[in-house]
Trainee: 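My questions will all concern the structure given below.
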Amino acid sequence: MKITWLGHASFIIETGGKKIITDPFDELVGYPAWGPEGDIVTISHDHHDHNAVNLVKGNPRVIKDTGSLAVDGIQFKGVAACHDKANGHERGLVTIYRIFSEGISLVHLGDLGQVLTLEQIKEIGQVNILLVPVGGKFTVDASDAFTITEQLKPDIIIPMHYNTPHLSFELAPVEDFTARFDQVVKKPYLELNANDLKKATKVIVLDYLS
């Protein structure tokens, strides 16, 4: 499995001979919206910085619902959650996606705005790789993001949705989150198999494509 960060909450996840694009964004976000190729696209919610399917090249299968689904041998599970701490009354709902492939369970939290409930933790299940928003304002902040990592106990944590030089609006820096961990490494991308999980550094900050 290979994971490349496009910026914000968007990743290319290459697994099982397919490319999965999470939460594609449009040009208003500030990152280069160059239009990656994808076979499958997951959409956590219908905001312009997370649902720009029209910019994904090819004819991808779009997944934007809760529940379980298998596509080309890859297992997807969508779990409903809130975009805010007010039960969705401020910003609505989002969908958390658990993607299982190559013996690896990867969870993309989207624009999660709440600490997880016991029911959500049970629905998500085992997590090997966690893609977690940490920038606050529109999502959980660094403190709540850390609590969520304690709830889910992933092998590897990849922060997302935080302030960068390209972002067109202000979020908190990633360091507010990574300062809570002893070991943090930076990589241009992450490539690994199931046997590498226990040997990997806990927190990995990815470069975004620019």
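Excluded from the calculations below are hydrogen atoms, water molecules and symmetry mates; all remaining heavy atoms, backbone and side chain alike, are included.
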Trainee: Nearest 0.5 Å, please: how far is CG in Leu130 from CD1 in Ile96?
Mentor: 9.0 Å

Trainee: Sequence neighbours left out, what passes ring-ring contact (aromatic ring centres under 6.0 Å, His included) with Phe146? Give chain and number order.
Mentor: Phe181

Trainee: Please identify each residue that fulfils side chain to side chain contact (heavy atoms under 4.5 Å, CB included) with Asn193, with sequence neighbours left out.
Mentor: Asn195, Asp196

Trainee: Closest heavy-atom contact between Ile21 and Gly38?
Mentor: CG1-CA, 3.9 Å

Trainee: Measure the shortest side-chain to side-chain distance between Ile157 and Ile204 over non-hydrogen atoms and say whether it is less than 4.5 angstrom.
Mentor: no

Trainee: With a 4.5 Å cut-off on side-chain heavy atoms, are Cys82 and Val94 touching?
Mentor: no

Trainee: Could you pull out the closest heavy-atom pair between Val115 and Val140, with the gap in Å?
Mentor: N-CG1, 4.5 Å

Trainee: Can you confirm whether Tyr208 sits close enough to Pro188 that some side-chain heavy atom of one is under 4.5 Å from a side-chain heavy atom of the other?
Mentor: no

Trainee: Please report the interatomic distance CG(Leu131) to CD1(Ile158), rounded to the nearest 0.5 Å.
Mentor: 5.0 Å

Trainee: From Leu206 CG over to Lys186 NZ, what is the distance, rounded to the nearest 0.5 angstrom?
Mentor: 11.5 Å

Trainee: Indicate the atoms forming the closest heavy-atom contact of Glu102 with Ala194, along with that distance.
Mentor: O-CB, 3.9 Å

Trainee: Start with the C-alpha gap between Thr22 and Tyr97, add the side-chain angles, then the distance that decides, and say whether side-chain contact (heavy atoms from CB on, under 4.5 Å) holds.
Mentor: CA-CA 9 Å; Thr22 67; Tyr97 284 104; over 6 Å; no

Trainee: Sequence neighbours excluded, which residues qualify as side-chain hydrogen bond (donor to acceptor under 3.5 Å, both in side chains) partners of Thr66?
Mentor: none

Trainee: Sequence neighbours left out, what pairs pass salt bridge (charged side-chain N to carboxylate O under 4.0 Å, His left out) with at least one residue falling in residues 66-75?
Mentor: Lys18-Asp72

Trainee: Which label fits Tyr31 and Phe25: parallel for a plane angle under 30°, tilted from 30 to 60°, or perpendicular past 60°?
Mentor: tilted

Trainee: So, using side chain to side chain contact (heavy atoms under 4.5 Å, CB included) as the criterion, who are the partners of Thr201 when residues are at least two apart?
Mentor: Gln183, Val185

Trainee: Nearest 0.5 Å please: distance from the CG atom of Leu6 over to the CD1 atom of Ile12.
Mentor: 4.5 Å

Trainee: Considering residues at least two apart in sequence or located in another chain, which fulfil the side chain to side chain contact (heavy atoms under 4.5 Å, CB included) criterion with Lys2?
Mentor: Thr4, Glu14, Tyr189, Glu191

Trainee: Going by the rule salt bridge (charged side-chain N to carboxylate O under 4.0 Å, His left out), which residues pair with Asp65 if we only count those two or more places apart in sequence or in a different chain?
Mentor: none

Trainee: Grab the two heavy atoms, one from Thr95 and one from Gly78, that are nearest each other, plus how far apart they are.
Mentor: CG2-CA, 3.7 Å

Trainee: Would you give the length of the straight line joining atom CD1 of Ile13 to atom CG of Leu190, rounded to the nearest 0.5 angstrom?
Mentor: 10.5 Å

Trainee: So Leu106 and Ile3, do their side chains get closer than 4.5 Å, heavy atoms only?
Mentor: yes

Trainee: Anything under 3.5 Å between a donor and an acceptor, one on a side chain of residues 171-178, the other on a protein residue two or more places apart or in another chain? List them.
Mentor:
unit_1 : atom_1 : unit_2 : atom_2 : d
Thr178 : OG1    : Val174 : O      : 3.4

Trainee: Which of these passes side chain to side chain contact (heavy atoms under 4.5 Å, CB included) with Ile148: Ile121, Leu109, Val107?
Mentor: Leu109

Trainee: Suppose we call two aromatic rings close when their centres sit under 6.0 Å apart. Are His8 and Phe169 close by that rule?
Mentor: yes

Trainee: So for atom CG, which belongs to Asp182, do other residues, nucleotides or ligands contribute more than 12 heavy atoms lying within a distance under 6.0 Å?
Mentor: no

Trainee: Step by step, would you call Asp39 with Ile20 a side-chain contact (heavy atoms from CB on, under 4.5 Å)?
Mentor: CA-CA 6 Å; Asp39 301 294; Ile20 303 167; over 6 Å; no

Trainee: Quick one: do the Ser44 and Asp111 side chains pair a donor with an acceptor below 3.5 Å?
Mentor: no

Trainee: Can you tell me how far apart OG1 (Thr139) and CG (Leu112) are? Round to the nearest 0.5 Å.
Mentor: 8.0 Å

Trainee: Please verify the inter-ring angle class for Tyr162 with Trp5; under 30° counts as parallel, over 60° as perpendicular, anything in between as tilted.
Mentor: tilted

Trainee: Can you list the steps and then say if Leu192 with Ile129 is a side-chain contact (heavy atoms from CB on, under 4.5 Å)?
Mentor: CA-CA 11 Å; Leu192 79 172; Ile129 302 174; 4.0 Å; yes

Trainee: Do Arg180 and Ser143 have side-chain heavy atoms sitting under 4.5 Å apart?
Mentor: yes

Trainee: Would you find a donor on one side and an acceptor on the other, under 3.5 Å apart, between the side chain of Gln151 and the backbone of Leu116?
Mentor: yes

Trainee: When you measure from the side chain of Lys202 to the backbone of Pro154, do you find a donor-acceptor pair of N or O atoms at a distance under 3.5 Å?
Mentor: yes

Trainee: Taking the side chain as everything from C-beta on, heavy atoms only, tell me whether Lys187 gets closer than 4.5 Å to Asp207.
Mentor: no

Trainee: Ile74 and Phe100: side-chain contact (heavy atoms from CB on, under 4.5 Å), yes or no, with the steps?
Mentor: CA-CA 6 Å; Ile74 302 169; Phe100 186 79; over 6 Å; no

Trainee: Applying side-chain hydrogen bond (donor to acceptor under 3.5 Å, both in side chains), name anything that partners Lys198, two or more places apart in sequence or on another chain.
Mentor: Asp155

Trainee: I need the full list of side chain to side chain donor-acceptor pair (under 3.5 Å) pairs touching residues 115-126, with sequence neighbours left out, sorted by first then second residue.
Mentor: Gln114-Gln120, Thr117-Gln120

Trainee: Suppose we screen for side-chain hydrogen bond (donor to acceptor under 3.5 Å, both in side chains). Which residues come up paired with Ser105, at least two apart in sequence or across chains?
Mentor: Arg98

Trainee: With sequence neighbours left out, what residues match Ser101 under side-chain hydrogen bond (donor to acceptor under 3.5 Å, both in side chains)?
Mentor: Thr15

Trainee: What's the shortest heavy-atom distance between Pro24 and Val41, and which atoms?
Mentor: CD-CG1, 3.7 Å

Trainee: What pair of heavy atoms forms the shortest contact from Asp23 to Ser10, and how long is it?
Mentor: O-CB, 3.3 Å

